[in-house]
Number of protein chains: 2
Amino acid sequence: MTSRTTAADAAGSPYEAPVDEQECQEFRQTMELAGRRWSAAILYAAVAGARRFVEYRRAVRGISDRLLTLRLRELEQQGFIAREVVPTMPVQILYSPTPAGAELVAAMQPLGEWGRRHRDVLERRLPD
Amino acid sequence: MTSRTTAADAAGSPYEAPVDEQECQEFRQTMELAGRRWSAAILYAAVAGARRFVEYRRAVRGISDRLLTLRLRELEQQGFIAREVVPTMPVQILYSPTPAGAELVAAMQPLGEWGRRHRDVLERRLPD
DNA sequence: GAAGTCACTTACCAATAGTGAGTTGCTAAC
DNA sequence: GTTAGCAACTCACTATTGGTAAGTGACTTC
């Protein structure tokens with residue numbers, strides 16, 4: 001810190017924020033990866049046993065076909081979900097969680113817990 | 001389950017997905033509340049010691065004034081951040097984490113941990 | 001008195017999300 | 001043998017959200 005004075009100093013600013021910028025950045029990236037709309041619910045459904053497209057659509061109430069397709073592709077690209085085509089007649093397409101996906105869901109559990117304890121807050125801001 | 005047969009049954013579908021739809025829903029709401037763009041980083045900065053507008057802007061690298069204003073207001077409404085006007089000359093405005101906000105950040109810690117272990121995945125999909 | 005800081009607003013454009021309908025390939029029912 | 005249905009998509013369109021850049025007013029420092 002230099003000897004330069006500012007309006008804030010004059011007004012009694014307590015300190016310069018000692019926030020670790022890089023850690024903040026990492027934190028942000030992780031939360032935004034996992035917090036992408038629908039992604040967490042889809043991963044959760046996968047770990048809970050969903051496999052086929054329609055099963056996910058049923059489990060993740062409110063999602064559209066289009067967004068489900070998009071998110072499944074993204075999660076596949078990121079390595080959290082594996083897509084398998086079973087060449088029966090008619091073909092079946094199965095989406096299963098990878099170990100990385102399951103690990104991610106496990107890391108989200110405390111937040112799920114938090115959500116159950118603070119259901120009131122959720123209902124106040126996300127009434128869908 | 002009825003005795004109705006479907007194409008899926010004919011092709012050997014393993015089971016109906018036993019996913020708990022309500023739990024999935026809760027999970028989704030929580031993750032999307034915390035995963036909103038910039039929100040997690042702002043809360044993190046708050047817990048790490050940021051108080052004034054400029055301190056948050058410095059800590060949360062890349063955010064614009066507009067979005068920071070918006071997010072701070074949202075987090076205040078949701079009860080995660082408290083806004084305090086100190087009537088000095090010039091006035092200071094301080095944003096501090098509430099107990100609920102601190103608790104939320106604590107619940108996000110395992111995900112932050114996960115992010116540090118999987119930095120490669122983050123870099124692949126969020127190069128900003 | 002010119003330039004700078006703090007905590008915002010405003011205007012505008014781009015990216016993302018949501019809705020609803022259509023498609024292909026198959027089966028099952030009348 | 002046409003009609004209806006499901007599974008897993010795709011397309012076109014609109015609404016919502018996010019990003020960029022610039023401006024504002026009260027105040028301070030040079």
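Below, all heavy atoms of this structure are taken into account, side chains as well, without hydrogens, waters or symmetry copies.
- Closest non-hydrogen pair, B/A40 versus B/M108, comes out as CB-SD, 4.1 Å.
- In this structure, A/R36 places its CZ atom 7 Å from C1' of C/dT16, rounding to the nearest Å.
- Considering only residues two or more places apart in sequence or on other chains, B/R71 meets the side chain to side chain contact (heavy atoms under 4.5 Å, CB included) condition with B/R36, B/R37, B/W38, B/S39, B/I42, B/L67, B/E74.
- Going from atom CG of B/L72 over to atom P of C/dT9 covers 11 Å, rounded to whole Å.
- Here salt bridge (charged side-chain N to carboxylate O under 4.0 Å, His left out) pairs that include residues 79-88 of chain A, with residues two or more places apart or in two chains, number zero.
- Checked against D/dG19, C/dC8, D/dC9, the side chain of B/T69 finds its nearest nucleotide in C/dC8.
- Of all nucleotides listed (C/dC6, C/dC8, D/dT28), C/dC6 comes nearest to the side chain of B/V54.
- Phosphate proximity of C/dC8 to B/Y56: absent, as no side-chain N or O sits under 4.0 Å from OP1 or OP2.
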So which protein nitrogen or oxygen atoms get under 3.5 Å of nucleotides 19-22 of chain C's nitrogens or oxygens?
residue : atom : partner : partner atom : Å
C/dT19  : O4   : A/R66   : NE           : 3.0

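- Applying the side chain to side chain contact (heavy atoms under 4.5 Å, CB included) criterion to A/T69, with sequence neighbours excluded, gives A/F53, A/R73.
- Nucleic acid contact for B/R57: none, since no nucleic acid atom lies under 4.0 Å from a heavy atom of the residue.
- With rounding to the nearest 0.5 angstrom, the CG atom of A/L72 is 5.5 Å from the OH atom of A/Y95.
- The salt bridge (charged side-chain N to carboxylate O under 4.0 Å, His left out) pairs that include a residue from residues 86-99 of chain B number zero, where partners must be two or more places apart or lie in different chains.
- Distance A/E74 CD to C/dA17 C1': 11 Å, rounded to the nearest Å.
- In the set D/dT10, C/dT27, C/dC8, the nucleotide with an atom closest to the side chain of A/R73 is D/dT10.
- Here the P atom of nucleotide D/dG19 and the CG atom of B/L70 are 10 Å apart, to the nearest Å.
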Filtered N/O pairs between nucleotides 1-4 of chain D and protein, under 3.5 Å:
none

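- Listed by chain and residue number, A/R116, A/R117 satisfy the side chain to side chain contact (heavy atoms under 4.5 Å, CB included) test with A/E113 (two or more places apart in sequence, or in another chain).
- In this structure, B/W38 atom CH2 and D/dG18 atom P are separated by 11 Å, rounded to whole Å.
- Atom CZ of B/F53 is separated from atom P of C/dA7 by 8 Å (rounded to the nearest Å).
- Atoms CD (B/Q92) and P (C/dT5) sit 16 Å apart, rounded to a whole Å.
- Judged as a side-chain hydrogen bond (donor to acceptor under 3.5 Å, both in side chains), and not counting sequence neighbours, B/E76 has no contacts.
- Considering only residues two or more places apart in sequence or on other chains, B/A82 meets the side chain to side chain contact (heavy atoms under 4.5 Å, CB included) condition with B/T98.
- Proximity of B/R37 to the phosphate of D/dG19: a side-chain N or O atom is located under 4.0 Å from OP1 or OP2.
- Between the CG atom of B/L68 and the C1' atom of D/dG19 there is a distance of 14 Å, rounded to whole Å.
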